[in-house]
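A short write-up of the structure that comes next.
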Amino acid sequence: MAARKKVIVITGGAGFVGSHLCDRFIRDGLRVICVDNLITGSLQNIRHLRKDKNFDFMKRDVSRRLLITGPVDYILHFASPASPVDYMHYPIPTLKVGSLGAHNTLGLAKLKKARYLLASTSEVYGDPKVHPQKETYWGNVNPVGPRGCYDEAKRFAEAITMAYHRYHKIDTRIVRIFNTYGPRMRIMDGRVVPNFIYQALHGMPLTVYGNGQQTRSFCFYSDLVEGIVRLLYSKVHTPVNVGNPDEFTILEFAKLVIRMSGTKSKIIYRPLPTDDPKQRKPDITMAKKYLKWQPKVKLKEGLSDTIEWFKANFKV
Ligand code: NAD
Ligand code: UDP
């Protein structure tokens with residue numbers, strides 16, 4: 001008798017990162033159950049998978065009780081609005097999916113004896129006072145500011161994941177994802193990469209918030225997916241940063257987008273959102289040591305693919 005295929009549940013699987021994970025695990029020969037309520041995701045991202053006999057889609061809000069029949073080997077909890085514009089628009093669903101959604105999916109992991117991987121974020125470091133950010137840094141988060149709904153939900157999600165690991169002996173992993181970009185981001189999701197590309201391709205001014213001296217480090221989605229897969233198959237239970245340590249100011253990034261998209265767009269300055277982190281760069285020593293992982297795609301390469309994808313998909 002042929003061995004049963006491993007089954008992986010991916011919450012948020014119709015989103016930007018989640019849909020690339022669905023692709024990867026289908027390619028690797030697993031059976032994928034994608035669970036998503038489409039609050040910020042899109043069926044378009046998984047349309048090419050719908051006819052695959054190893055792929056199932058369930059439209060569900062994972063902040064409510066989640067029932068799945070049959071065996072489950074792995075659960076990846078990626079459901080959550082992720083763009084600051086999205087999570088500030090949906091503060092309560094964001095808090096619920098980070099807390100109740102994590103609780104429900106951990107309960108499912110316990111029932112099915114499945115391995116569990118939580119998508120956490122560099123936002124757990126808040127506006128960091130330590131640079132670059134190491135996993136041992138506890139962060140500087142304003143719990144009652146506008147970003148608190150996301151940051152604290154993810155911090156709670158990490159805490160409950162570790163509690164299930166320690167108390168119920170669930171086999172868990174936590175990835176702290178730093179700014180990731182690429183094809184399938186929503187062009188209007190408000191994050192800096194789609195915003196600048198949209199503005200550049202339409203000849204509109206690029207909106208730099210503040211003086212543009214705040215920094216970010218941008219990771220291409222394919223590098224992130226590889227890091228997540230390696231973490232899932234590793235034995236590391238404490239959080240691991242996965243991101244690209246090449247750091248840029250937002251002003252430098254705006255100029256790069258203008259150059260690479262060949263536009264005559266200018267730069268205009270807009271107020272810096274409340275609590276916008278001033279600097280962000282992952283320390284990836286742990287990922288290098290335990291996952292033998294480091295990013296391969298340079299910003300110029302990844303940005304060029306992303307610009308081409310936006311051109312092809314949004315008929316600019
Ligand atoms: P995204 O908005 O494209 O994807 C999130 C997906 O979750 C969407 O498909 C959305 O519909 C779904 N979702 C949200 N709430 C849900 C609920 N209650 N029930 C079911 N589905 C729900 O965002 P993304 O960039 O792909 O982010 C995916 C995950 O990675 C998130 O957990 C996010 O916090 C984390 N992350 C992403 C980044 C990044 O730079 N992309 C950085 C740090 C962390
Ligand atoms: N940003 C900007 N112009 C935009 C969108 C974002 O200058 O049109 C800045 C934002 O203030 C932040 C950085 O770009 O400093 C990254 O923002 P993003 O929303 O992508 O995610 P964050 O890293 O803040 O979660």
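When a ligand or atom number is given, it counts from 1 through the structure's own listing order. Note that the structure is a prediction, hence the values are computed from the model and not measured. Basis for what follows: all heavy atoms, side chains included, without hydrogens, waters or symmetry-related copies.
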**OP:** Inspect the contact between Asp127 and Lys278 and indicate whether a charged nitrogen and a carboxylate oxygen are less than 4.0 angstrom apart.
**Re:** yes
**OP:** Please test Arg280 against Asn179 for side-chain hydrogen bond (donor to acceptor under 3.5 Å, both in side chains), starting from the C-alpha separation and ending with a verdict.
**Re:** CA-CA 9 Å; Arg280 185 182 285 157; Asn179 296 64; 2.7 Å; yes
**OP:** Look at ligand 1 and say whether Ala14 reaches it with a heavy atom at a distance under 4.0 Å.
**Re:** yes
**OP:** Identify, by atom number and element, the atoms of ligand 1 in contact range of Ser63, meaning under 4.0 Å from any of its heavy atoms.
**Re:** 18 (N)
Original post:
Phe218 pairs by side chain to side chain contact (heavy atoms under 4.5 Å, CB included) with which of Val192, Leu303, Thr180, Thr306?
Top reply: Val192
Subject >> Protein contact to atom 22 (C) of ligand 1 [nearest heavy atom, distance to 0.1 Å] >> reply: Asn37 OD1, 3.0 Å
Original post:
Who's the nearest protein heavy-atom neighbour of atom 32 (O) of ligand 1, and how far?
Top reply: Lys154 NZ, 2.8 Å
Subject >> Candidate with minimal heavy-atom separation from atom 12 (C) of ligand 1, of Asp36, Val97, Val124, Thr11 >> reply: Asp36
Original post:
Are Gln199 and Thr207 close enough that a side-chain donor and a side-chain acceptor fall under 3.5 Å?
Top reply: yes
Original post:
At a 4.0 Å threshold, what atoms of ligand 1 neighbour a non-hydrogen atom of Asp61?
Top reply: 17 (C), 18 (N), 19 (N)
Original post:
Among protein heavy atoms, which sits nearest to atom 40 (O) of ligand 1, and what does the distance come to when rounded to 0.1 Å?
Top reply: Thr180 N, 2.8 Å
Subject >> Name of the residue among Gln279, Lys281, Glu247 meeting side-chain hydrogen bond (donor to acceptor under 3.5 Å, both in side chains) with Thr215 >> reply: Glu247
**OP:** List for me each residue that meets side chain to side chain donor-acceptor pair (under 3.5 Å) alongside Asp23, sequence neighbours excluded, and say none if there are none.
**Re:** His48, Arg184
Original post:
For ligand 1, which atoms sit closer than 4.0 Å to a heavy atom of Gly41?
Top reply: 8 (C), 9 (O), 10 (C), 11 (O)
**OP:** Test Asp246 against every option in Lys296, Lys300, Arg216, Lys298 by the salt bridge (charged side-chain N to carboxylate O under 4.0 Å, His left out) rule and name the one that passes.
**Re:** Lys298
**OP:** Check ligand 1 against Arg60 and write out every atom of the ligand that is under 4.0 Å from a heavy-atom position of the residue.
**Re:** 19 (N), 20 (C)
Subject >> Ring centers of Tyr181, Phe220 separated by less than 6.0 Å >> reply: yes
**OP:** Go through ligand 1 atom by atom and flag the ones less than 4.0 Å from a non-hydrogen atom of Leu38.
**Re:** 11 (O)
Original post:
For atom 19 (N) of ligand 1, which protein heavy atom lies nearest, and how many Å away is it?
Top reply: Val62 N, 3.0 Å
Original post:
Does any non-hydrogen side-chain atom of Phe57 lie less than 4.5 Å from one of Val32?
Top reply: no
Original post:
Which residue from Ser80, Ala82, Gly12 reaches closest to atom 5 (C) of ligand 1 through any of its heavy atoms?
Top reply: Ser80
Original post:
Sequence neighbours excluded, which residues qualify as side chain to side chain donor-acceptor pair (under 3.5 Å) partners of His165?
Top reply: none
**OP:** Before accepting this row, confirm whether a basic side-chain N of the pair Arg155/Asp151 lies closer than 4.0 Å to the acidic partner's carboxylate O.
**Re:** no
Original post:
If hydrogens are left out, which of Val17, Thr40, Ile177 has an atom nearest to atom 35 (C) of ligand 1, that is, the closest non-hydrogen atom?
Top reply: Ile177
**OP:** Tell me, please: is Ser120 in heavy-atom contact with ligand 1, that is, under 4.0 Å?
**Re:** yes
**OP:** Can you pull out the closest protein heavy atom to atom 15 (N) of ligand 1? Residue, atom name and distance to 0.1 Å, please.
**Re:** Ile39 CG2, 3.5 Å
Original post:
What orientation do Tyr233 and Phe25 show, parallel under 30°, tilted 30 to 60°, or perpendicular over 60°?
Top reply: perpendicular
**OP:** Assess Gly101 for proximity to ligand 1: is some non-hydrogen atom of it under 4.0 Å away?
**Re:** no
Original post:
Starting from atom 39 (C) of ligand 1, which protein heavy atom do you reach first, and at what distance in Å?
Top reply: Arg191 NH1, 3.5 Å
Subject >> Shortest protein contact, atom 3 (O) of ligand 1 (heavy atom only) >> reply: Phe16 N, 2.9 Å
**OP:** Run the numbers for me: atoms of ligand 1, each under 4.0 Å from some heavy atom of Asn179, listed by number.
**Re:** 40 (O)
**OP:** Please report which non-hydrogen protein atom sits nearest to atom 4 (O) of ligand 1, along with the residue it belongs to and the distance in Å to one decimal place.
**Re:** Gly15 CA, 3.5 Å
Subject >> Results of ring pair (Phe, Tyr, Trp, His ring centres under 6.0 Å) for His20 - residues two or more places apart only >> reply: Phe16, Tyr221
Subject >> Basic-acidic side-chain contact under 4.0 Å: Glu158, Lys154 >> reply: no
Original post:
If you measure from atom 33 (C) of ligand 1 to every heavy atom of Phe78, Tyr150, Phe178, which option wins on shortest distance?
Top reply: Tyr150
Write none if no such pair exists; otherwise list each N/O atom of ligand 2 with its protein N/O partner under 3.5 Å and the distance.
{"residue": "ligand 2", "atom": "3 (N)", "partner": "Thr207", "partner atom": "O", "Å": "2.5"}
{"residue": "ligand 2", "atom": "7 (O)", "partner": "Tyr209", "partner atom": "N", "Å": "2.8"}
{"residue": "ligand 2", "atom": "8 (O)", "partner": "Asn195", "partner atom": "ND2", "Å": "2.8"}
{"residue": "ligand 2", "atom": "8 (O)", "partner": "Thr207", "partner atom": "O", "Å": "3.2"}
{"residue": "ligand 2", "atom": "8 (O)", "partner": "Thr207", "partner atom": "OG1", "Å": "3.0"}
{"residue": "ligand 2", "atom": "8 (O)", "partner": "Tyr209", "partner atom": "OH", "Å": "3.3"}
{"residue": "ligand 2", "atom": "11 (O)", "partner": "Asp276", "partner atom": "OD2", "Å": "2.6"}
{"residue": "ligand 2", "atom": "15 (O)", "partner": "Gln214", "partner atom": "NE2", "Å": "3.0"}
{"residue": "ligand 2", "atom": "15 (O)", "partner": "Arg216", "partner atom": "NH2", "Å": "3.3"}
{"residue": "ligand 2", "atom": "15 (O)", "partner": "Asp276", "partner atom": "OD1", "Å": "2.6"}
{"residue": "ligand 2", "atom": "15 (O)", "partner": "Asp276", "partner atom": "OD2", "Å": "3.3"}
{"residue": "ligand 2", "atom": "20 (O)", "partner": "Val192", "partner atom": "N", "Å": "2.8"}
{"residue": "ligand 2", "atom": "23 (O)", "partner": "Asn179", "partner atom": "ND2", "Å": "2.8"}
{"residue": "ligand 2", "atom": "23 (O)", "partner": "Arg216", "partner atom": "NE", "Å": "2.6"}
{"residue": "ligand 2", "atom": "23 (O)", "partner": "Arg280", "partner atom": "NH1", "Å": "2.8"}
{"residue": "ligand 2", "atom": "24 (O)", "partner": "Arg147", "partner atom": "NH2", "Å": "2.9"}
{"residue": "ligand 2", "atom": "24 (O)", "partner": "Arg216", "partner atom": "NH2", "Å": "3.1"}
{"residue": "ligand 2", "atom": "25 (O)", "partner": "Arg147", "partner atom": "NH2", "Å": "3.1"}

Original post:
Is there a salt bridge (Lys or Arg N to Asp or Glu O under 4.0 Å) between Arg176 and Glu135 once you walk through the steps?
Top reply: CA-CA 8 Å; Arg176 287 189 181 149; Glu135 290 86 347; over 6 Å; no
**OP:** Would you check if Leu95 and Cys149 make a side-chain contact, meaning some heavy-atom pair closer than 4.5 Å?
**Re:** yes
